[in-house]
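Note sheet for the following structure.
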Amino acid sequence: MTEAAALPGQPRGGVLSGPATPRAVNVLAPNASAMTLDGTNTWILSEPDSALAVVVDPGPLDDGHLRRVIDTAEEAGKRVALTLLTHGHPDHAEGAARFAGLTGTKVRALDPALRLGDEGLAAGNVVEVGGLELRVVPTPGHTADSLCFHLPADGAVLTGDTILGRGTTVVAHPDGRLGDYLDSLRRLRSLTVDDGVHTVLPGHGPVLEDAQGAVEFYLAHRAHRLAQVETAVEDGIRTPEEVVAHVYADVDRSLWPAAELSVRAQLEYLREHGLI
């Protein structure tokens, strides 16, 4: 067993940019950081024999990156026909309006403020472009407007920030809510059990080859952190800042502000359920 295979979700090794499945190609944005990992994954999706492509999450407002996405599609004989967003955080969506202008496409998203055109996205929608089929899966929790896209022909799901290729994500309180996030993870688990999803195409980090393993890891991680926070409160630790310092002591301090958002979401969840 390789080291990668032993990690949650079995992350794929090698270069992140490039083909990931028969219908998905990643163009990595140059915005690496502690929060964005290697950078934002911008996904180009298309049926192999189609001249039309869909782009998911154009990424930051970086003209060089946006033009690389267009060039990558065109070099494969594709024209970008539609832009989709998994959610509105700037590292995924800031470049969407500019990208739409460069490609002449509409932008579809759950949040009306992010859309360019009349059509949004909602649970149960099926997006079809050039024979490609994407099923919209609502997955609030990281943010209220978070969506995933099920690509059934490849047994894959594009998860934005709901599941990352490495590490775990933030429940971005107050917009993000832990109860919603846990429900979303369970919804994704049902895709792996009932709908043949085996591959995660994340918004950051490497492709995951074991979608069910990744979801189970995320659920277990959230349960563990929630128990730690509950115990900390029972021990007299009260403020979110104090809980972070106690529970996330093993985490790089540069990530503590993000961890505090998750802690606030966990405290809210515990209060709502009468556990603290």
Side-chain angles (χ1 to χ4, degrees), residues 3 6-11 32-38 40 86-92 138-148 159-190 192 200 202-206 208 210-276:
E3 182 180 357
L7 295 172
Q10 297 183 15
S33 72
M35 288 297 294
T36 61
L37 304 182
D38 309 277
T40 300
T86 61
H87 65 296
H89 279 168
D91 55 314
H92 294 258
T139 50
H142 169 66
T143 61
D145 70 329
S146 287
L147 298 171
C148 291
T159 56
D161 282 355
T162 299
I163 293 179
L164 305 179
R166 186 172 66 251
T168 57
T169 198
V170 172
V171 179
H173 183 273
D175 184 44
R177 294 172 56 84
L178 182 58
D180 291 343
Y181 185 64
L182 295 174
D183 288 343
S184 294
L185 291 177
R186 296 182 189 107
R187 191 171 297 118
L188 291 175
R189 180 170 58 187
S190 75
T192 72
V200 172
H204 304 278
L208 300 178
D210 176 15
Q212 186 173 351
V215 175
E216 296 292 358
F217 169 76
Y218 266 61
L219 283 166
H221 171 78
R222 282 295 161 202
H224 177 64
R225 284 298 195 204
L226 192 60
Q228 287 181 306
V229 171
E230 184 177 1
T231 299
V233 173
E234 289 172 351
D235 290 342
I237 300 171
R238 289 288 184 265
T239 70
E241 296 84 358
E242 291 170 341
V243 173
V244 169
H246 181 75
V247 172
Y248 290 80
D250 59 335
V251 173
D252 188 319
R253 290 180 69 97
S254 68
L255 298 176
W256 280 15
E260 185 181 325
L261 297 179
S262 286
V263 165
R264 290 181 181 274
Q266 290 170 91
L267 291 171
E268 179 182 66
Y269 179 89
L270 291 169
R271 284 192 293 268
E272 289 174 347
H273 289 76
L275 299 172
I276 59 173

### Task
Give a yes-or-no answer on whether the side chains of Asp235 and His246 include a donor-acceptor pair shorter than 3.5 Å.
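Looking only at side-chain atoms, His246 and Asp235 do not form any donor-acceptor pair under 3.5 Å.
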Is there a donor-acceptor contact under 3.5 Å from the side chain of [X] to the main chain of [Y]?
X      : Y      : value
Trp256 : Tyr248 : yes
Arg238 : Val233 : yes
Gln266 : Ser262 : yes
His204 : Leu164 : no
Thr159 : Thr162 : no
Ser184 : Pro140 : yes
Asp175 : Ala144 : yes

Please name the pair of heavy atoms, one in [X] and one in [Y], separated by the smallest distance, quoted to 0.1 Å.
X      : Y      : value
Leu185 : Tyr218 : CD1-CB, 3.9 Å
Ile163 : Ala214 : CG2-CB, 4.4 Å
Gly205 : Pro202 : O-CG, 3.5 Å
Ala265 : Gly176 : CB-O, 4.4 Å
Leu267 : Pro240 : CD1-CG, 4.0 Å
Pro11  : Pro8   : CD-O, 3.7 Å

Roughly how far apart are [X] [atom1] and [Y] [atom2], rounded to 0.5 Å?
X      : Y      : atom1 : atom2 : value
Asp180 : Thr139 : CG    : OG1   : 10.5 Å
Leu219 : His221 : CG    : NE2   : 11.0 Å
Leu270 : Leu178 : CG    : CG    : 8.0 Å
Thr192 : Asp210 : OG1   : CG    : 8.5 Å
Leu255 : Met35  : CG    : CE    : 7.0 Å
Leu182 : Arg177 : CG    : CZ    : 11.5 Å

### Query
When the ring planes of His89 and His142 are compared, do they come out parallel, tilted or perpendicular, using 30° and 60° as the limits?
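Taking His142 first and then His89, their aromatic rings stand perpendicular (interplane angle over 60°).
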### Message
Does the plane of the ring in His92 sit parallel, tilted or perpendicular to the ring in His87? Use 30° and 60° as the thresholds.
### Response
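It falls in the tilted class, 30° to 60°.
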### Steps toward side-chain contact (heavy atoms from CB on, under 4.5 Å) verdict (Arg166, Asp38)
CA-CA 10 Å; Arg166 186 172 66 251; Asp38 309 277; 3.2 Å; yes
### Message
Could you walk me through whether Gln10 and Leu208 satisfy the side-chain contact (heavy atoms from CB on, under 4.5 Å) test, starting with their C-alpha distance in whole Å, then the side-chain angles of each, then the deciding distance to 0.1 Å, before giving a yes or no?
### Response
CA-CA 5 Å; Gln10 297 183 15; Leu208 300 178; over 6 Å; no
### Query
Would you call Arg264 and Glu260 a salt bridge, using N to O less than 4.0 angstrom?
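Answer for the salt bridge query: yes.
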### Message
The test is side-chain contact (heavy atoms from CB on, under 4.5 Å); show your working for Thr231 and Gln228 and say whether it passes.
### Response
CA-CA 5 Å; Thr231 299; Gln228 287 181 306; 5.8 Å; no
#### Entry: Check against side-chain contact (heavy atoms from CB on, under 4.5 Å), Tyr269 and Val171
CA-CA 11 Å; Tyr269 179 89; Val171 179; over 6 Å; no
### Greater than 12 external heavy atoms within 6.0 Å of Arg253's CZ
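Counting other residues, nucleotides and ligands, CZ of Arg253 stays at 12 neighbours or fewer.
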